[in-house]
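Working notes, beginning with the structure itself.
Note that ligands are numbered from 1 as they come in the structure, with each ligand's atoms numbered from 1 the same way.
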Amino acid sequence: MFWEKDIETMNISEMKELQLDRLRTTLIRANSTPYYKQLFKDIGFNPSDVKNLEDIQKLPFTTKNDLREHYPYGFLAVPRDEIVRMHSSSGTTGRATVVFHTLNDINNWANLVARSMYMTGARKSDVFQNTMGYGLFTGGLGFHYGAEKIGMMVIPSGPGNSQRQITLMREFETTAIHILPSYALHLLDVFEEMNLDPKKDVKLRLAFIGAEPHSEEMRKKIEESYDIKAFNSYGLSEMCGPGVAFECPEKNGLHVWEDSFIIEIIDPKTLKPMPDGEEGEIVFTTINREGMPLIRYRTRDLASIYTDSCPCGRTHRRISRIKGRDDDMLIIKGVNMFPIQVETVLMKFPEIGRNYQIILETKEHMDDLTVEVEVLTPADDMRIYENLRKRIAEALRDEILFTPRVNLVQPGAIKRAEGKAVRVIDKREKA
Ligand code: ADP
Ligand code: ZN
């Protein structure tokens, strides 16, 4: 059993007490890292100054850049030989950063992942196929240890080799899978090539989808195509990896595990706290980590906090699905837009296929945007899709307030990235 009832349904005032207690311990630990020790000295901060949770706001934010500048060991709070594992971010936005864990950290992380999966209904009897990358990336090992805690049989298939993924699913009757949402759609093409029906020819019932932004419509498409339940999993290597926030059976926001992380939402421009319920950048403080405590870490990820209580009974507050990173925002013809808005529109058309891409170019000194999208059924002459093309362009205009060029292509025509999907190709001339 992995329902940590006392913690998951802890009342708010008790939770605040627990957080304050753990925050204090964290700050004392942080004071023994080269980075924070210097910082605390520079700003005249003493961990014992912290009397309540709001006092955390007296401390500056920690950024990815700070991690890079103090690479590799500047944030280490324990002697190097207490560290049992290192991980690294996937480096989506530049040089990767490294994170170090003690044995307790690994164990706590596995508990969070186990708690998350159990919450969705995963049990010891499940056969769990983990298609995320093993290695430095946290998606593979993070889920692996969590699934083992529950006692599931784990198939550490790792990414790629799609036909073998499906064969494994069939031969070992996989019931739960951890998969990138973009890859879940791609696999549908492979099922088709193998003449198999994902609804009937495999025993899948649960999917954990995450590591990249995706829309509610994308989730629905995955759920319907496989006839499964799919749950959004959010995390980042700087906090541990997966197991930071996860959807419960209500599928209405992701519970942030507040016994391990303090969450703040700030305005990324003014750096001031956002009022509850409004969208901004997520900032996390680790409060249950020994090896590498991080204080007020700016994730760049955009979301809002839900203020209502969750019918599932868990008291840990929820965040909305991630809209993207603040640097995913595109400004085109003076209009701000996020790739996820395009996806939301595309996924509503049953005729569209399994991959799409946004291409930015400079034409006659102006930004020019093309949405390239695969159709579901191949055609000898793509002109038969002219009407669909127009309807998509109109629907996109309603969402992003200008009409992009829409280019429909054959199934499989768009090159797929090895790992996280690359949705935007920016070929604009730099001014
Ligand atoms: P990198 O920052 O190099 O991609 P990570 O592997 O640590 O490294 O990825 C964490 C990031 O992935 C998050 O900060 C977020 O931008 C994205 N991410 C993870 N899970 C989700 C999710 N469920 N929805 C949207 N984005 C996600
Ligand atoms: Zn809930």
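- Around the Zn ion (ligand 2), the two atoms SG of Cys312 and SG of Cys248 are separated by an angle of 120°, to 10 degrees.
- Protein heavy atom closest to atom 6 (O) of ligand 1, with residue, atom name and distance, is Ser90 OG, 2.9 Å.
- Note on ligand 1: Arg300 sits outside its first shell, no heavy atom being nearer than 4.0 Å.
- Checked against the 6.0 Å centroid criterion, the rings of Phe208 and His178 do not qualify as a close aromatic pair.
- Close contacts between ligand 1 and Gly235 involve ligand atoms 10 (C), 13 (C), 19 (C), 20 (N) [criterion: under 4.0 Å to a heavy atom].
- Those atoms of ligand 1 that come under 4.0 Å of a heavy atom in Gly210, given as number and element, are 23 (N).
- At a 3.5 angstrom cut-off on N or O pairs, Ser233 counts as close to ligand 1.
- Between the choices Glu238, Met132, Lys420, Glu212, the shortest heavy-atom distance to atom 12 (O) of ligand 1 belongs to Lys420.
- Distances below 4.0 Å separate heavy atoms of Leu236 from the following atoms of ligand 1: 7 (O), 10 (C), 14 (O).
- An angle of 110° is found at the Zn ion (ligand 2) between Cys310 atom SG and His255 atom NE2, rounded to 10°.
- Side-chain atoms of Tyr183 and Ser162 include a donor-acceptor pair closer than 3.5 Å.
- The contact set between ligand 1 and Ser237, taken as ligand atoms under 4.0 Å from a residue heavy atom, comprises 7 (O).
- Of all the atoms in ligand 1, the ones that sit under 4.0 Å from a non-hydrogen atom of Phe137 are 6 (O).
- Nearest non-hydrogen protein atom to atom 3 (O) of ligand 1 is Gly91 N, 2.6 Å.
- Backbone and side-chain nitrogen or oxygen atoms of Thr299 are examined, and none is located within less than 3.5 angstrom of a nitrogen or oxygen of ligand 1.
- Among all protein heavy atoms, the one lying closest to atom 4 (O) of ligand 1 is Thr92 OG1, 2.5 Å.
- We find the OG1-CE distance between Thr344 and Met347 to be 9.0 Å, quoted to the nearest 0.5 Å.
- Cation-pi contact between Arg170 and Phe191: absent, since separation from the ring centre below 6.0 Å together with deviation from the ring axis within 45° is not met.
- Under 4.0 angstrom from ligand 1, the non-hydrogen atoms of Asp301 all belong to its side chain.
- Counting heavy atoms closer than 4.0 Å to ligand 1, residue Asn232 contributes side-chain atoms (C-beta onward) but none from N, CA, C or O.
- Using a 4.0 Å cut-off between a side-chain N of Lys or Arg and a carboxylate O of Asp or Glu, Lys333 and Asp367 do not qualify as a salt bridge.
- Annotation: cation-pi geometry not satisfied between Arg115 and Phe2 (NZ/CZ under 6.0 angstrom from ring centroid, within 45° of ring axis).
- The main-chain N or O of Arg123 is found under 3.5 Å from a side-chain atom of Asp126 such that the two form a donor-acceptor pair.
- Salt bridge Arg219/Glu247: present, at least one basic N to carboxylate O contact under 4.0 Å.
- For Phe246 and His255, the gap between ring centers reaches or exceeds 6.0 Å.
- Side-chain contact annotation: Asn161 with Gln165, donor-acceptor N/O pair under 3.5 Å absent.
- A donor-acceptor pair shorter than 3.5 Å can be found between the side chains of Glu343 and Ser215.
- Residue Lys64 has at least one heavy-atom neighbour below 4.0 Å for each of these atoms of ligand 1: 2 (O).
- Taking distance alone, with nitrogen or oxygen atoms compared against 3.5 Å, Ala211 approaches ligand 1 more closely than that limit.
- With ring centers used as reference points, Phe45 lies under 6.0 Å from Phe40.
- Atom 2 (O) of ligand 1 has its closest protein heavy atom at Arg325 NH1, 3.1 Å.
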